[in-house]
Amino acid sequence: EVQLAESGGGLVQPGGSLRLSCAASGFRLTDYWMTWVRQAPGKGLEWVASIDRDGSGKYYVDSVKGRFTMSRDTAKNSVFLEIISPRAEDTAVYYCARGLGHWFVFLYWGQGTLVTVSS
Amino acid sequence: QSALTQPPSASGSPGQSVTISCTGTSSDVGGYNFVSWYQQHPGKAPKLMIHEVNKRPSGVPDRFSGAKSGNTASLTVSGLQAEDEADYYCNSYAGSNNVVFGGGTKLTVL
């Protein structure tokens, strides 16, 4: 059974840093792209970042380029999202997701982890 | 990377049909047959309902169907049921390893 479990959210000050984790089970990261999607309070879904099966290709929405870094640890079967110098507009629930066949068809989702950026 | 356009709200009575639109451009919706639809109940993670315009994942009722014409995709929910009340989001592949979501539509079952 495929399961995704995010952790690491919390309160972070503007200019600080935070690392989100997503522990995957029921499949191998080397077989699938993985993605982070976020949802600001009361707002819609926004694609944030994806990493390919090789782990070498990383793709980001323009608004987070240079501030967010996605990575993975195949030994732990986990993906990560490092948030550097967060802004108030980064406040959101961050979901980890895995594709169905095409990587951008998100069949499996975690429960989400809330990141609040505030001083 | 502009968001796809969805109506903020839609509604229908039990048993009726309702259609939600999702408008993009030739660079996303119109350029690829890679439109998906997600259902999200309050406080829950999104659930995939339709992918590749009109394909339903296992377990999704056939009351849910998708279509596309030009730069606009649509989700139709037939035989509305109380549990269909939720937010619905479309998304599309937008080329160059980018994905774009719609702003979401709140479906109310009257």
Side-chain angles (χ1 to χ4, degrees), chain A residues 1-7 9 22 24 32-65 68 70 89 92-114, chain B residues 1-9 20 22-24 27-29 31-60 66 73 86-107:
Chain A
E1 179 188 7
V2 173
Q3 291 188 331
L4 301 170
E6 303 93 337
S7 60
C22 170
Y32 294 91
W33 287 52
M34 293 296 293
T35 292
W36 288 95
V37 175
R38 68 183 178 182
Q39 185 170 35
K43 303 296 184 181
L45 302 171
E46 180 183 34
W47 170 72
V48 174
S50 298
I51 187 169
D52 66 12
R53 288 180 294 181
D54 295 332
S56 58
K58 302 172 188 180
Y59 309 94
Y60 304 91
V61 67
D62 285 346
S63 61
V64 308
K65 285 179 180 176
F68 288 21
M70 188 171 182
E89 56 264 35
V93 173
Y94 285 74
Y95 293 101
C96 172
R98 198 209 89 179
L100 169 58
H102 299 289
W103 67 267
F104 42 80
V105 177
F106 307 122
L107 178 61
Y108 299 102
W109 297 73
Q111 81 285 355
T113 188
L114 175 63
Chain B
Q1 295 172 328
S2 299
L4 306 176
T5 300
Q6 296 182 234
S9 63
I20 299 170
C22 170
T23 300
S27 297
D28 38 62
V29 174
Y32 307 91
N33 287 323
F34 291 140
V35 175
S36 299
W37 290 90
Y38 301 85
Q39 176 191 68
Q40 186 181 36
H41 288 108
K44 301 294 187 182
K47 176 185 176 182
L48 179 67
M49 305 301 285
I50 295 287
H51 65 98
E52 293 173 75
V53 177
N54 56 15
K55 298 179 181 178
R56 279 179 288 105
S58 175
V60 172
D87 293 327
Y88 290 84
Y89 295 92
C90 61
N91 87 337
S92 175
Y93 182 65
S96 300
N97 296 309
N98 287 307
V99 174
V100 62
F101 278 93
T105 298
K106 181 177 180 60
L107 174 60

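Just so it is clear, the values below take in all heavy atoms, side chains as well, and ignore hydrogens, waters and symmetry mates. Note that the coordinates shown come from a computational prediction; the quantities given were computed from them, not determined experimentally. Throughout, protein chains are lettered first and strands after them, A, B, ... in sequence-line order, and every chain is numbered starting at 1.
Once rounded to the nearest 0.5 Å, the distance linking CG of B/N91 with CG of A/L45 reads 8.5 Å. The NZ atom of B/K55 sits 9.5 Å away from atom CG of A/L100, with the distance rounded to the nearest 0.5 Å.
Minimum heavy-atom separation, A/H102 to B/F34: NE2-CE2, 3.4 Å. The nearest pair of heavy atoms linking A/G110 to B/A45 is O-CB, 3.3 Å. The two atoms that bring B/Y89 and A/G44 nearest to each other are CE2-CA, 3.4 Å, heavy atoms only. The two residues A/Y60 and B/N98 come nearest to each other via the heavy atoms O-OD1, 4.2 Å.
The candidate with the highest count of non-hydrogen atom pairs below 4.5 Å against chain A, out of B/P46, B/S96, B/G104, is B/P46.
Contact of B/D87 with chain A is not made at all, since no heavy-atom distance falls under 4.5 Å. At a 4.5 Å heavy-atom cutoff, the contact between A/V37 and chain B is made by side-chain atoms alone. Only the side chain of B/Q40 comes within less than 4.5 Å of a heavy atom of chain A; its backbone N, CA, C and O stay farther away. Using a 4.5 Å cut-off between heavy atoms, A/F106 contacts chain B through both its backbone and its side chain.
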Step-by-step side chain to side chain contact (heavy atoms under 4.5 Å, CB included) determination, A/Y59 to B/V99:
CA-CA 10 Å; A/Y59 309 94; B/V99 174; over 6 Å; no

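Between A/V105 and B/Y93 the shortest side-chain heavy-atom distance does not fall below 4.5 Å.
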